[in-house]
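Just below is one structure, and these are the notes that go with it.
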Amino acid sequence: MGIAKEICRIEKIKSVGALGGAYQHNLRLKSISNADETKTSYNIELTGRLPGKSYADCFHDKINSSPWYEHGNHKIAKNAVYAVEFMLTFGGEASGKIDIDTWCHDNIEWLSSHFGGTQNILSAILHMDERTPHIHAIVIPLDEKGKLNYTKYLGGSKYHLSELQDSYHAEVGQLHNLDRGIKGSKARHQDIDNFYSMVNESVAAIALPAPEQKAGLFKKAETAIEYQERVTPIIQHAHSVSISKELENVLLKKRIADIEHLQEGVVPEDVYNKTFSELQETRQKLNKQKKETLFYQNWALEAQKKYDDLDRTLSEKISAAVSKSTAALCTNLDEQKNKYQKLKQDFDRLLKDYTSLETRHLVVQEQYTMLKEKTNHIQELEYDRELMYAVMDNNGISHIYDKHKRDIDYGCFMSSRLEISKYKSRHQPHSRHFQTPHRTQVR
């Protein structure tokens, strides 16, 4: 009995797009869930594919140089198989017990002898960054005419595939003390890929709704306590979903390992059927959990949309209110400007009137001063007149004064003034002790 089971899986590639996907996976141009990125540099390309050439480029080069398709002689059939991908490996129990270089050489020899020679091997890469070393080989099934002919090499029947597995065991597996897998196994590589994707599918992050903002100019925003009460149920549900997902992933990984061992022929087929059935149940549970998660995601997105609508409406309302207030302020400002212009005109007019009045006041004041001086002079003259009258009356010549007064009344003011002055100079006493009787006494 061998140290482990040999594994030879075959998958059709029917389009250039599928070739691109295989290129991305085999060259590690995309993230691989079950690959250790720290060991990717240990991967080795076993064939002479030109560096920088993608699988699609190499495929087109082979087709264009093929005598069947060159110069447009023939077109590729719609249902043609463009390439065949082989996944060649062995059970984990054989790790460290097989000479990898010899094992790789034997695999390339087997591919070359059964699929049209090394010229049909587009690529063969040894992957050392996963749990068990394995080879991904891309073979273009060109026949001796240069035509794509999958049926020639693989026959299209389960019986032919079984014979191919026998030849692989005889030419590769048996040389390295490996056992052939169970004939008729229902395990498929696609099932493993699906379950790996389920395990790697993390619980989607729940987008928490944002705090409610003001909906109007006078409405209060949501407080921190209110927001906490609103989002706490969402967080609790997301936490419970996450815990449930982690527990299911532990179980799922264990069952994936069982299926991988089953494909390698380690466990009986009835165990595989039971495990596969349980995996299907787990898938249903996960799908149900996913639907619930999507429900809460949609709920959160709707809440976010409402918040965005509210936020957009709020800005529009604020903009309208600001525009209205600005218009009112502009109107008020125009009114104040008009009032200011009117007051300024009134002030200018009053200032002009004040200046005119001030000028008039100065003129009047000057006239008043002159009038006051004249009044004082008149008072002096009146005093002199009364004094003169008293002197003349005292000397018995008051009749002369009366005569001159009449002359003054008739306009002979200057001549009368001269006469009175002469008389005054002749009769005015020179003694400072002269006492003039009170004029009221004289009169």
Side-chain angles (χ1 to χ4, degrees), residues 2-11 13 18-47 49 54-55 83-108 110-111 121-139 165 168 172-173 176-179 181 185 187-202 249-267 272 275-276 279:
I3 56 177
K5 299 293 182 182
E6 64 192 37
I7 300 172
C8 175
R9 300 193 190 116
I10 301 172
E11 185 173 353
I13 297 178
L19 274 172
Y23 177 70
Q24 294 281 327
H25 178 275
N26 295 347
L27 274 294
R28 298 303 192 243
L29 300 180
K30 65 179 181 179
S31 179
I32 307 301
S33 59
N34 52 334
D36 185 353
E37 294 182 358
T38 62
K39 297 180 180 180
T40 300
S41 59
Y42 299 128
N43 295 343
I44 301 173
E45 182 136 19
L46 304 174
T47 56
R49 182 180 61 86
S54 68
Y55 288 175
V84 182
E85 182 171 17
F86 291 84
M87 205 285 284
L88 309 170
T89 185
F90 44 80
E93 298 84 358
S95 295
K97 300 177 183 180
I98 291 182
D99 184 347
I100 297 298
D101 290 339
T102 305
W103 178 78
C104 289
H105 177 269
D106 293 340
N107 275 283
I108 297 299
W110 178 78
L111 289 170
I121 303 176
L122 188 149
S123 171
I125 297 178
L126 172 66
H127 286 159
M128 300 294 291
D129 56 356
E130 296 186 48
R131 186 171 64 91
T132 305
H134 59 276
I135 296 173
H136 278 279
I138 305 296
V139 175
Q165 293 283 356
Y168 182 76
V172 179
H176 296 276
N177 196 23
L178 297 172
D179 292 332
S185 173
R188 293 176 299 168
H189 183 57
Q190 291 85 348
D191 296 327
I192 296 296
D193 289 342
N194 290 338
F195 288 126
Y196 265 125
S197 65
M198 291 166 63
V199 169
N200 292 318
E201 179 185 358
S202 60
N249 280 349
V250 171
L251 177 61
L252 195 57
K253 287 178 181 178
K254 181 179 180 300
R255 291 174 178 173
I256 288 172
D258 292 339
I259 283 192
E260 286 183 328
H261 285 306
L262 176 63
Q263 289 180 317
E264 297 164 3
V266 176
V267 294
Y272 163 76
T275 305
F276 189 78
L279 280 171

Closest non-hydrogen contact found for Gly173 with Glu6 is CA-OE1, 3.0 Å
Kindly indicate whether the side chain of Trp103, heavy atoms from C-beta on, has any atom under 4.5 Å from the side chain of Ile135.
-> yes
Are the side chains of Ile98 and Leu178 in touch, meaning some heavy atoms are under 4.5 Å apart?
-> yes
Kindly state each residue pair satisfying salt bridge (Lys or Arg N to Asp or Glu O under 4.0 Å) with at least one member in residues 94-106, sequence neighbours excluded.
-> none
List the atom of Ala18, the atom of Ile13, and the distance in Å for their closest heavy-atom pair.
-> CB-CG2, 3.6 Å
Is there a side-chain contact between Ile138 and Arg49 (heavy atoms, below 4.5 Å)?
-> no
Residue pair Leu19 / Tyr23, side-chain heavy-atom distance below 4.5 Å = no
Is any side-chain heavy atom of Tyr42 closer than 4.5 Å to a side-chain heavy atom of Leu126?
-> no
Please identify each residue that fulfils ring pair (Phe, Tyr, Trp, His ring centres under 6.0 Å) with His105, with sequence neighbours left out.
-> none
Ring geometry between His136 and His127 (parallel below 30°, tilted from 30 to 60°, perpendicular above 60°) = tilted
Value for CD1 (Ile100) from OG (Ser95), rounded to nearest 0.5 Å, stands at 7.5 Å
Could you pull out the closest heavy-atom pair between Cys8 and Leu88, with the gap in Å?
-> SG-CD2, 3.5 Å
Please list all pairs passing the salt bridge (Lys or Arg N to Asp or Glu O under 4.0 Å) test where one or both residues lie in residues 26-44, with sequence neighbours left out.
-> Arg28-Asp129, Arg28-Glu130
Which atom names give the shortest non-hydrogen contact between Thr89 and Pro133, and what distance separates them?
-> OG1-O, 2.8 Å
Residues in side chain to side chain donor-acceptor pair (under 3.5 Å) contact with Tyr55, at least two apart in sequence or another chain | Asn26, Ser123
Heavy-atom distance under 4.5 Å between the side chains of Phe86 and Trp110, does that happen here?
-> yes
Heavy atoms of Thr132 and Gly91 approach each other most closely as CG2-O, 4.5 Å
Does the side chain of Met128 reach to within under 4.5 Å of the side chain of Ile44, using non-hydrogen atoms?
-> no
Measuring from Arg9:CZ to His134:NE2, what's the distance to the nearest 0.5 Å?
-> 9.5 Å
